[in-house]
Amino acid sequence: QVQLVESGGGLAQAGGSLRLSCAPSRLTFSRSSLGWFRQAPGKEREFVATINWNNVTYYSDSVKGRFAISKDSAGDTVYLQMNSLKPEDTAVYYCAVSTSWLPTRIFEYKYWGHGTQVSVSS
C-alpha cells in the first residue's frame with residue numbers, strides 16, 4: 001500500500017503564492033507519474049498537473065503558466081508551486097500516483113492522499 005501525505009496548504013491572498021508538497025511512502029519514481037487534482041465545494045474533482053518518470057509535465061489550461069509541478073533532486077517529494085493565485089483556485093488539493101505516461105483522468109490514478117486545503121481570498 002502506498003501512502004501519500006500532502007502538506008503546504010493554507011490561506012493566501014489573490015495574486016499570492018503557495019507551495020504544496022507530496023511525499024509518497026514505499027514508492028520509487030521509476031515509471032510512476034505523480035499528479036495533483038483539486039476539488040472545490042459542490043464541484044467535481046478536477047485534474048491540475050502531472051509529472052512522470054521522465055520529468056515530462058502536463059497542466060490543465062486553468063493553471064498553465066501559473067502553477068509548476070516538480071520533483072526534488074532525490075526524487076522522493078513532488079511539489080506544486082502555485083503563483084498568481086485566484087479565488088477560483090480555492091479547493092482541497094490531492095496528490096495521487098499513476099503508472100500511466102501523462103495521466104489526466106481520475107481512474108488512471110491508483111493511490112491518493114487525503115488532501116490539503118487551499119483558500120484564496122480576494
Side-chain angles (χ1 to χ4, degrees):
Q1 183 74 18
V2 175
Q3 294 180 329
L4 299 100
V5 179
E6 303 101 334
S7 61
L11 178 64
Q13 291 187 332
S17 299
L18 285 173
R19 189 177 77 160
L20 305 183
S21 300
C22 174
S25 67
R26 299 178 57 246
L27 176 70
T28 66
F29 281 65
S30 174
R31 307 191 72 79
S32 295
S33 294
L34 271 291
W36 287 97
F37 285 73
R38 66 186 182 186
Q39 188 166 17
K43 295 187 177 181
E44 295 184 350
R45 192 170 298 190
E46 64 174 3
F47 169 77
V48 174
T50 190
I51 184 167
N52 70 10
W53 54 91
N54 280 350
N55 290 327
V56 179
T57 60
Y58 187 78
Y59 299 91
S60 69
D61 288 342
S62 61
V63 306
K64 194 176 299 181
R66 299 189 298 121
F67 291 11
I69 188 170
S70 63
K71 301 176 190 174
D72 68 355
S73 56
D76 56 7
T77 301
V78 175
Y79 303 100
L80 184 68
Q81 178 67 42
M82 306 186 295
N83 300 324
S84 301
L85 284 164
K86 303 176 181 179
E88 50 263 46
D89 294 319
T90 296
V92 177
Y93 283 71
Y94 297 90
C95 176
V97 177
S98 169
T99 56
S100 299
W101 172 249
L102 282 177
T104 63
R105 295 166 292 185
I106 291 174
F107 72 84
E108 294 181 283
Y109 288 83
K110 185 174 182 179
Y111 301 106
W112 292 81
H114 294 293
T116 184
Q117 176 70 47
V118 170
S119 298
V120 183
S121 61
S122 57

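Just so it is clear, the model here is predicted, and its values are computed rather than measured. Quick note: numbers below take in every heavy atom, side chains included, and nothing from hydrogens, waters or symmetry partners.
- Here the side chain of K64 pairs no donor or acceptor atom with the backbone of Y58 at under 3.5 angstrom.
- Cluster annotation: V2 and V78 are assigned to the same hydrophobic cluster (Ile/Leu/Val/Met/Phe/Trp/Tyr, side-chain heavy-atom contacts under 4.5 Å, transitive).
- Annotation: side chain of R38 is in contact with side chain of S62 (closest heavy-atom distance under 4.5 Å).
- Taking the side chain as every heavy atom from C-beta outward, Q117 and T90 approach each other to under 4.5 Å.
- Residues F47 and V56 share a hydrophobic cluster, clusters being chains of Ile/Leu/Val/Met/Phe/Trp/Tyr side chains in contact below 4.5 Å.
- Across all their heavy atoms, P103 and E108 have their closest contact at CA-OE1, 3.4 Å.
- Nearest heavy-atom pair, L4 versus C22, reported as atom, atom and distance to 0.1 Å: CD2-SG, 3.6 Å.
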Give the intermediate values and the outcome of salt bridge (Lys or Arg N to Asp or Glu O under 4.0 Å) for residues K86 and D89. CA-CA 5 Å; K86 303 176 181 179; D89 294 319; over 6 Å; no

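- For Q39, the side-chain hydrogen bond (donor to acceptor under 3.5 Å, both in side chains) partners at least two apart in sequence or on another chain are R45.
- Scanning all heavy atoms of the two residues, the minimum distance from V118 to G9 falls at CG2-CA, 4.1 Å.
- Between the T116 side chain and the E6 main chain, no donor and acceptor come within less than 3.5 Å of each other.
- For the pair S122 (side chain) and P87 (backbone), a donor-acceptor distance under 3.5 Å is absent.
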Residues K71, N55; criterion side-chain contact (heavy atoms from CB on, under 4.5 Å); working and verdict: CA-CA 8 Å; K71 301 176 190 174; N55 290 327; 3.5 Å; yes

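- The structure places CG of L34 at 11.0 Å from OG of S70, a figure rounded to the nearest 0.5 Å.
- For residues 79-100, the set of pairs meeting the ring pair (Phe, Tyr, Trp, His ring centres under 6.0 Å) definition, not counting sequence neighbours, is empty.
- Here the shortest heavy-atom pairing between Q81 and S17 reads NE2-CB, 3.9 Å.
- I51 contributes atom CD1, which lies 7.0 Å from atom OH of Y59 (distance to the nearest 0.5 angstrom).
- Atom CH2 of residue W53 and atom CH2 of residue W101 lie 6.0 Å apart, to the nearest 0.5 angstrom.
- With rounding to the nearest 0.5 angstrom, the CG atom of L102 is 8.0 Å from the OG1 atom of T57.
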Begin from the C-alpha positions of Y109 and T50 and carry the test side-chain hydrogen bond (donor to acceptor under 3.5 Å, both in side chains) through to its verdict. CA-CA 11 Å; Y109 288 83; T50 190; 3.1 Å; yes

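- Residue S7 holds its OG atom at 9.0 Å from CZ of R19, rounded to the nearest 0.5 Å.
- Here the side chains of S100 and S33 are not in contact, with every heavy-atom distance at 4.5 Å or above.
- In this structure the side chain of L85 reaches within 4.5 angstrom of the side chain of F67, judged on heavy atoms.
- In this structure, CG in L20 is found 4.0 Å from CE in M82, a value given to the nearest 0.5 Å.
- Aromatic ring centroids of W112 and F37 lie under 6.0 Å apart.
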